[in-house]
Amino acid sequence: MTETSTERPVAGAPPRDDILLDVRNLKTYFRVMDGVVPAVDGVNFSLGKGHTLGIVGESGSGKSVTALTVMRLLDIPPAEIGEDSEAWFDGRDLLKLPESDMRRIRGNDIAMIFQEPLTSLNPVFTVGDQIAEQVELHMKVKAREARDRAVEMLRLVGIPSPERRAKQYPHELSGGMRQRVMIGMALSCEPKLLIADEPTTALDVTVQAQILELLKAIQERTGAALILITHDLGVVAEMVDNVIVMYAGQVVEQGTVDQVLLEPRMPYTMGLIESIPTVEKRGGRLSAISGVVPSPFHLPPHCRFEPRCPYRWETCRTVTPELYNAGDGRVARCHLHLVEATARREAAIAQHRQNMAMGRRFTGAPDRLGDR
Amino acid sequence: MAQNIESQAGVVATPEIIDPDPTKAEDYEVGLKSLNQWQLAWRKFRKHRLALIGLGIITVLILVAIIGPVLMPFSFTDIPTPDQIVQMGRSPFCAVYDAAARNCTSFALVHPMGETGGLQRDVLLLVVNGARTSLLIGFSSMAIGVFIGTIVGAIAGFVGGIVDNALMRLVDIMLSLPILFVILVASKFLGNGTVSMVIVIFGLLSWMGVSRLVRSLFLSIREREFVEAATAVGVSDRRIIFRHILPNAFSPIVVAASLIIAANIISEAFVSFLGFGVDPTSPTWGNILSGGLQFIALGNWWWPLFPGLAIIITVLAVNFVGDGLRDAFDPRSRA
Amino acid sequence: MTKFVIRRAIQAIPVLFGITIVVYGILLAAPGGPEAKFANNPRMTQEAKDKFIKAWGLDQPIPIQYCRWMGLCNPETEGTMLGSLPTPAAFIGPSGLPNFLPTVMSGATNGLLHGDLGRSINSGEPVVDRIARAALPTFILAGIALVVWLSIAITMGVYAAIHRYSLFDNAATVFSYVGFAMPTFWLGIMLIFIFSGPGLNILPAGGMTETRLSPPFGSDQYWAYFGQHPVQALTDIGKHLILPVITLVVVNIAGDSRFVRASMLEALGQDFVRTAKAKGLPARVVNFKHALRNALLPVITNIGLEIPFLFTGAIVTETIFSWPGIGKLTIDATREFDYPILMGVLLVTSVLVVFANLLADIAYGYVDPRIKY
């Protein structure tokens, strides 16, 4: 259900009815002392009702800022949102809504789950109160009913003896339990869209699986659409239909989860996938993409991945890549998809297949990927 | 970040694929050249406008304090005669004051800060002379306090155990005492009005904060890997303290020191103002203020005003520099 | 909780004990010792001098003096051991039980432990009474100033944090820097000059009451007068309060508003504030419920630590405005070498600090659910 950039509706007009969220040309800058930093630079995507989308990228790639911009949770200033950016949700452009209307959408129609469940919950209020507060606000019910609803939500997310837990403070719960509370809170007002920003990064591996399962089960049961932001390709593989890969504030590849994970068409995505340690690769080196994410102050002028790319050539330094059609509805921001680069593309894909098959390193120094 | 690929990879890239160029990748990194702690701190300090202004003010004040007494055309120890006591001084704008009519008959900016009653001194000259003593007391007592505090804190933090406990209880006790009060009592009972005695008293009573700070730094730094590493390879305790721990403790100490200077300049002024500190015959800002108070009923507003402003400006400058240093040494802030 | 309080109270004992030693040490360090004050006073009779020396045990070795001053030793028991230490018998009170026990048990009335801080050298009044009398004016001044400055500082700090880098915030920053650098006594002098000087002359320059209208504050006659003309008396005190309160408020707001601002800014930057916004809560609820509640936690501790120093922290203000409180008592006692009073004030303040620390910890545990004792 994810649309490619080539078939977008007219700017300023709402999208089709079955599209829940339609983000167009989203640009977010941060004005800091030394200048302006583009954190999100022209991102387009859309998400159908009840569908799921993964946004993948290293830390600093702009994936969280994208979500926070859509939720209008960034402080303006220092943040600035591009004038022609649009984020259509349920027939309305969120970026143009008055703050009071936006408030009615937050927590009610769009709910968000954050990475660090301990710091994301207020330490001085009980978890029950924190859920009830939101229910009372959006569902216009009495305090008593809101409390009951909070307990019900805690039960829904699989917290044992929810009546007792509702009266506890966040520090009295375990990490997994806290994230369950966050999920319960997010779902308490039956949102149409759930944005989960690295929901399992701060958790133990065993707990991660439980939380993901819970998230998936609840998403299927309630029919809410889900945007899952993560740097973990494994999580994406299990959870979503479509994937967007972000690099340095731009979408660099987009397609279904199978397309992106099994047949990546952008060297950056190839590198990400090759760097996943697997049992088959045991004994070899951990692979990684050489170099680091460029500083937003010194972005390469054309292809932003070019300095780290093993498949680059002169064009990459002289021409700015667009999102090219990479076949079967997927897109990739890479000059390999120019017609004249067919030979190079075939070579790169072959090299990727070989690397995957041999468990070889992508290139460069052993360096761990992303936020971990 | 990007290291030499050939040496580490052990994998030869296929011919048609360009090998990534590590130096190229580095072009796009943040671009901070490797600077040592001091160069980095100075770069950041330089960008702190208020701190630079503060540093400028302090430099000027120190110069003034050094050359000031040379300009002094009279002795501060002269005693006014009774008929002079009631004599009104001249305001900054007044050239001729008619004592009988009690008003100014001719206006001109003869004395930029006015002239005192009594002995009719130029307030500017008094303030300039006060700078020497007040700054001397502020800086010297800070040096004593920081010295004692660093040693006590280092011993407590490094030795630990009973010694640490005893020293920290001593600090608790000292901090429970109202320190201005102790300074007052000590100045009155032990001081003999000399500047050196005042410096010693202030120094002996301003080390507690620094010692707590240094101790906590020692405790936290001692646990850090590089000290463990130094211990593991058999570096001596003394070398660990002086080469590894103290340089890391330097920046918070400097910031604390700036606060001590500010506090001691204000306290000294108050203690001297009450007549318990430096002998009233030598000019400190507190003494000058004290003299002004006797004439306040006459309307000599300029007499207490300007020494007070001198204190405020000095303390502001010291605080600005302290702020700048804190930011400069803070690894979380970037130039 | 009870266990924590008891543990903390026990921990405080060595500190309190140390304080008495330091205080006693200051007294002894003074040139000439306690009798220096009247050594050359012709009005003091030999009998009075002897009484003082006896009361302070100044003819005894220092450890015994201290022991008696503390109330550990019975002053009636003579004799030393090892040259200067008190004999075991000295620790037995008049009733035969240890001397340090409360008066009803031990029969002893001497020393600190029995609430006897000695008598003022100048007036002969018991130190406890003198301090108690001075405490009321200090309490009035400091209490009012505290309420005013905390309300202003918290409002200012919170507003400045929410509207960071706004005109108000910048103005508050400048004000704090200047206020922080301003000597309290100088501000007092300037206020007196402006409002009580020859120009305006609308407010009294010092004192607590208009001495021409009413008897001295605290005396029996004053309270009689107060009963007859309460409105007049209160207005009078109110007028005298204005300048000292302004002085204390201005100087203390500077530091505290910065503290509140920093604390609030930190709270506003926390993840849970973002969560609260993401829940759709209005800014008012986000700021004043979620952020403020957390921002005030460190502020509470800070207030707890500030309160005892008000007791003497007002030294400067009270001196400038001749306010008849603890601060002025201190300065006068210092001027006149009135040791017993000085030691009394020092002790009372230090003990207050120790207890305020304890109270601040308890309060913190009460408002912050994460802390369990």
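Below, chain A is the first sequence line, B the second, and so on; all start at residue 1. Quick note: numbers below take in every heavy atom, side chains included, and nothing from hydrogens, waters or symmetry partners. This structure is a prediction, so every number in the text was calculated from the model and none was measured.
Heavy-atom distances place the side chain of A/M182, and not its backbone, under 4.5 Å from chain C. With a threshold of 4.5 angstrom between heavy atoms, C/V285 approaches chain A through side-chain atoms but not through N, CA, C or O. Using a 4.5 Å cut-off between heavy atoms, A/L68 contacts chain C through its side chain alone, with no backbone atom that close. Residue A/E99 does not touch chain C at all, counting heavy-atom pairs closer than 4.5 Å.
Of the residues considered (A/E133, A/M185, A/M102), A/E133 shows the highest number of contacts with chain C, using heavy-atom pairs under 4.5 Å. When each of A/G107, A/C189, A/S120 is scored by its heavy-atom pairs under 4.5 Å with chain C, the top score falls to A/S120.
Between A/Y169 and A/H171, the ring-plane angle classifies as parallel under the 30° and 60° cut-offs.
Around the NZ atom of A/K167, the shell of radius 6.0 Å holds no more than 12 heavy atoms that belong to other residues, nucleotides or ligands.
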Sequence neighbours excluded and cut-off under 3.5 Å, please list the side-chain donor-acceptor pairs for residues 137-147 of chain A, or say none.
| unit_1 | atom_1 | unit_2 | atom_2 | d |
| --- | --- | --- | --- | --- |
| A/H138 | NE2 | A/R106 | O | 2.9 |
| A/H138 | NE2 | C/K279 | O | 2.6 |
| A/K140 | NZ | A/L137 | O | 3.1 |

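Using a cut-off of 4.0 Å between Lys/Arg side-chain N and Asp/Glu carboxylate O, A/E58 and A/K63 are scored as not salt-bridged.
A cation-pi arrangement is absent between C/R258 and C/F180 under the rule of less than 6.0 angstrom and at most 45 degrees off the ring axis.
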